[in-house]
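Notes follow once the structure below has been shown.
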Amino acid sequence: MYDLKYLRENLDHIRTSLGRRGNDVPWTDIQKLSEERRAVTTQVEQFRYELNKGSEEVARLRRAKEPAEEAMVAMKQLGDRIKDAEGALRKVEEALTNSALRIPNLPHASVPVGADASENVEIRRLGTVPAFSSPPKPHWEVGDNLGILDFDRAAKIAGARFSVMTGAGARLERALINYMLDQHTTQHGYREVIPPFMVNRSSMTGTGQLPKFEEDLFRMKDEDYFLIPTAEVPVTNLHREEILSGDCLPLRYTAYTPCFRREAGSYGKDTRGLIRLHQFNKVELVAFTTPDRSYEELERLTGHAESILQRLNLPYRVITLCTGDMGFSAAKTYDIEVWLPSQQQYREISSCSNFESFQARRASIKYRPTGGKKETKTDFVHTLNGSGLAVGRTLVAILENFQQPDGSVEIPPVLRPYMGGLERIENE
RNA sequence: GGAGGGGUGACGGAGCGGCCGAACGUGCCGGUCUUGAAAACCGGAGAUGGGGUAACCCAUCCGCGAGUUCAAAUCUCGCCCCCUCCGCCA
């Protein structure tokens with residue numbers, strides 16, 4: 001979200017730049033409320049000024065043992081007017097903030113303009129798509145045949161869009177988590193975090209899930225807690241309402257967490273298998289940088305996510321999301337898509353975004369530049385994050401790409417140390 | 001869950017209802033001194049919002065929110081968080 005002042009002064013510019021992205025923003029209300037806020041603020045401050053002066057006068061009179069009743073009565077009346085004006089100001093600010101929080105981020109100039117996913121732009125394609133002599137099976141069949149995935153029992157104990165992994169399947173999931181975390185912490189310079197898997201309303205607002213997307217979240221019944229839809233939320237909010245020292249930037253964190261999503265609008269999509277679940281595991285990468293280095297950081301971070309796929313020998317491509325397909329909070333997003341042989345298409349396995357100062361403004365995450373003498377003024381950091389990677393979907397890609405004619409699945413060499421040396425998963 | 005204690009600036013820690021954005025110490029920045037550094041001494045420094053081309057002016061901020069009062073860091077109430085003890089518990 002924008003500073004209310006910046007918003008007032010640049011409303012037309014913001015509106016024009018957002019184009020279609022700003023369609024459901026109540027622009028007229030915002031304009032009216034912005035002006036109103038300024039007027040009422042000035043009024044309140046004028047009153048307070050008079051009150052302060054009057055109170056000082058009362059103090060002076062009393063010290064001088066002079067009668068102060070008249071001044072006190074006048075100040076009493078002024079106090080009532082202030083109360084009214086402040087009440088009006090609070091209402092205006094509340095309404096304005098609520099609307100302003102629903103304005104999406106401005107896309108970066110390098111983002112291709114487009115209406116929907118069909119206008120995303122592929123920028124590179126790596127790895128070799130495997131050839132199969134007979135049609136490759138979908139991962140749920142591969143997993144079922146091996147006895148490592150059990151969707152029937154998942155449905156029994158929880159419901160649709162849940163999974164149960166057992167035996168070598170569970171171990172493979174765990175191996176992936178550990179492998180990813182180890183890579184990011186020892187090779188890419190991230191600090192590992194285990195955050196809460198539930199967060200409060202302020203955190204959800206800080207990263208942009210609220211107020212607009214409450215229906216996508218699982219919420220506790222008796223407490224105002226939400227299950228995290230991604231580790232981005234707790235990890236970015238680590239530094240909410242903080243002023244970071246410029247020389248500690250960039251800060252890079254990685255976190256494994258389960259993720260919980262309602263998937264409210266996706267009935268009928270990806271109903272089988274592990275692709276779209278209410279609960280899935282993900283290893284996340286989060287970075288805080290200075291504004292001048294955030295796009296450099298986006299490339300870096302995307303590269304870190306890609307490196308996992310490269311080491312697993314999984315074929316993938318990277319696309320730039322066009323303006324119409326980007327999320328609410330992002331300024332620029334790269335999606336990494338892995339090849340799924342059973343679907344004969346690339347599917348998202350990671351989404352890496354630069355949010356610029358969008359989240360930092362909402363969550364008030366600033367830094368104080370260091371180096372120059374006078375550069376003590378604070379500025380908002382830029383925040384970034386990306387999946388590194390979605391664990392369940394990585395497991396899907398392994399089951400599908402490395403399935404063998406005999407029904408077994410070959411384990412990528414880098415994971416074998418994490419699997420007790422196991423080279424392939426066979427029916428037990 | 002029960003009983004008690006506490007939340008003040010980067011940190012530690014004061015603060016009779018008025019002259020308190022807040023003593024003092026540490027840390028930080030600049031300067032003097034020094035070949036350099038340390039020490040010592042001098043000086044400076046917060047955030048948010050409103051106005052102004054600017055210098056600058058104004059308002060707000062002592063966990064959060066209400067209230068009492070001409071006036072609240074200071075009094076009252078509610079909430080949140082932290083600590084100690086008891087209970088329960090992985």
Side-chain angles (χ1 to χ4, degrees), chain A residues 1-11 30-98 100-101 194-206 220 222-226 234 237-249 251 258 357 360-381:
Chain A
M1 113 164 203
Y2 305 93
D3 303 328
L4 296 181
K5 181 181 182 181
Y6 180 84
L7 183 63
R8 186 182 74 236
E9 289 168 354
N10 299 278
L11 197 65
I30 289 176
Q31 174 149 32
K32 208 180 302 167
L33 289 166
S34 291
E35 294 304 335
E36 206 177 329
R37 183 182 89 103
R38 179 157 73 150
V40 180
T41 299
T42 308
Q43 180 69 83
V44 166
E45 291 187 355
Q46 178 62 32
F47 282 163
R48 293 215 77 103
Y49 176 75
E50 287 167 25
L51 183 74
N52 290 342
K53 288 282 173 263
S55 293
E56 281 168 29
E57 179 64 8
V58 169
R60 193 191 63 77
L61 288 171
R62 304 194 98 189
R63 264 199 305 274
K65 306 274 193 225
E66 288 174 34
E69 277 67 33
E70 200 180 319
M72 284 167 68
V73 170
M75 288 308 105
K76 172 78 174 160
Q77 286 169 353
L78 184 56
D80 290 341
R81 282 201 286 168
I82 290 177
K83 221 165 271 179
D84 290 346
E86 281 181 338
L89 180 60
R90 198 171 329 114
K91 273 179 74 179
V92 169
E93 288 201 319
E94 216 167 87
L96 181 56
T97 303
N98 198 281
L101 283 171
I194 300 181
F197 300 161
M198 290 180 223
V199 300
N200 57 31
R201 187 168 284 274
S202 298
S203 294
M204 284 295 183
T205 307
M220 299 297 113
D222 297 319
E223 308 267 353
D224 206 18
Y225 289 140
F226 298 85
N237 277 284
L238 236 33
H239 295 297
R240 173 155 53 86
E241 283 151 51
E242 289 185 17
I243 299 174
L244 305 166
S245 163
D247 51 15
C248 73
L249 296 175
L251 279 171
S357 59
R361 286 174 194 280
R362 293 177 153 241
S364 186
I365 308 169
K366 303 182 172 184
Y367 75 103
R368 195 182 301 282
T370 48
K373 297 176 194 172
K374 292 196 170 176
E375 283 188 297
T376 50
K377 254 185 94 72
T378 59
D379 192 12
F380 291 106
V381 300

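A, B, ... follow the sequence lines: proteins, then strands. Residue 1 opens every chain.
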[X] [atom1] to [N] [atom2]: how many Å, rounded?
X	N	atom1	atom2	answer
A:Ile243	B:rC11	CD1	C1'	15 Å
A:Glu242	B:rG9	CD	P	14 Å
A:Leu244	B:rA10	CG	P	13 Å
A:Leu96	B:rG50	CG	P	11 Å
A:Lys53	B:rC57	NZ	P	12 Å
A:Tyr367	B:rA10	OH	P	18 Å

What's the gap between [N] and [M] when it is taken at their [atom1] atoms, as a whole Å value?
N	M	atom1	result
B:rG4	B:rC16	C1'	27 Å
B:rA73	B:rA23	P	15 Å
B:rC28	B:rG78	P	44 Å
B:rU74	B:rG67	C1'	15 Å
B:rA14	B:rC24	C1'	7 Å
B:rG25	B:rA40	P	12 Å
B:rC42	B:rC81	P	46 Å
B:rU68	B:rG49	P	29 Å

Return the 5'-most residue of the pair A:Gln46, A:Glu93 with respect to RNA chain B, ranking by each residue's nearest nucleotide.
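Upstream on the strand: A:Glu93.
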Review point. When you match A:Lys366 and A:Asn52 each to their closest nucleotide on RNA chain B, which lands nearer the 5' end?
Key: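 Nearest-nucleotide comparison on RNA chain B picks A:Lys366.
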Checking base pairs now: Watson-Crick or wobble, both atom distances under 3.5 Å. What partners [N]?
N	value
B:rC89	none
B:rC11	B:rG25
B:rG4	B:rC83
B:rG17	none
B:rA37	none
B:rA73	none
B:rA47	B:rU60

Self-check item: Reported CG-to-CG distance for the pair A:Leu33 and A:Asn98, which is rounded to 0.5 angstrom
Solution: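 Between atom CG of A:Leu33 and atom CG of A:Asn98 there are 10.0 Å.
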At under 4.0 Å, does any side-chain N or O of A:Arg37 touch on OP1 or OP2 of B:rG49?
->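 The answer is no; no side-chain N or O of A:Arg37 sits under 4.0 Å from OP1 or OP2.
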message = For a quick test of reading the model: is some side-chain N or O of A:Arg368 closer than 4.0 Å to OP1 or OP2 of B:rA10?
response =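 No, A:Arg368 has no side-chain N/O under 4.0 Å of OP1/OP2 on B:rA10.
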Check: A:Glu45 side chain, B:rG49 base, donor-acceptor under 3.5 Å:
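In this structure, the two groups form a donor-acceptor pair.
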message: Could you work out, with side chain to side chain donor-acceptor pair (under 3.5 Å) as the rule, every residue matching A:Thr205, not counting sequence neighbours?
response: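 So A:Thr205 forms no side chain to side chain donor-acceptor pair (under 3.5 Å) with any residue.
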- [ ] Only counting residues at least two apart or in another chain, list the ones meeting side-chain contact (heavy atoms from CB on, under 4.5 Å) with A:Gln77.
- [x]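 Scan of A:Gln77 (side-chain contact (heavy atoms from CB on, under 4.5 Å), adjacent residues dropped) gives A:Val73.
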**OP:** Show your reasoning for whether side-chain contact (heavy atoms from CB on, under 4.5 Å) applies to A:Asp379 and A:Lys366.
**Re:** CA-CA 5 Å; A:Asp379 192 12; A:Lys366 303 182 172 184; over 6 Å; no
SB check [X] [Y] (cutoff 4.0 Å):
X	Y	answer
A:Glu50	A:Lys53	no
A:Glu86	A:Arg48	yes
A:Glu93	A:Arg90	no

For nucleotides 62-81 of chain B, 5' to 3', base contacts (B), sugar-phosphate-only contacts (S) and non-contacts (-) with protein non-hydrogen atoms under 4.0 Å give ----S-SSBS----------
Taking any heavy-atom pair under 4.0 Å as a contact, classify A:Arg63: base, sugar-phosphate, or nothing.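 Base contact - A:Arg63 has a heavy atom under 4.0 Å of at least one base atom.
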Considering residues, nucleotides and ligands other than A:Phe197, do more than 12 of their heavy atoms fall under 6.0 Å from its CZ?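 Atom CZ in A:Phe197 is packed in, count exceeds 12.
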Under 3.5 Å side-chain donor-acceptor pair for A:Arg37 and A:Thr41 |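 There is no such pair between these side chains.
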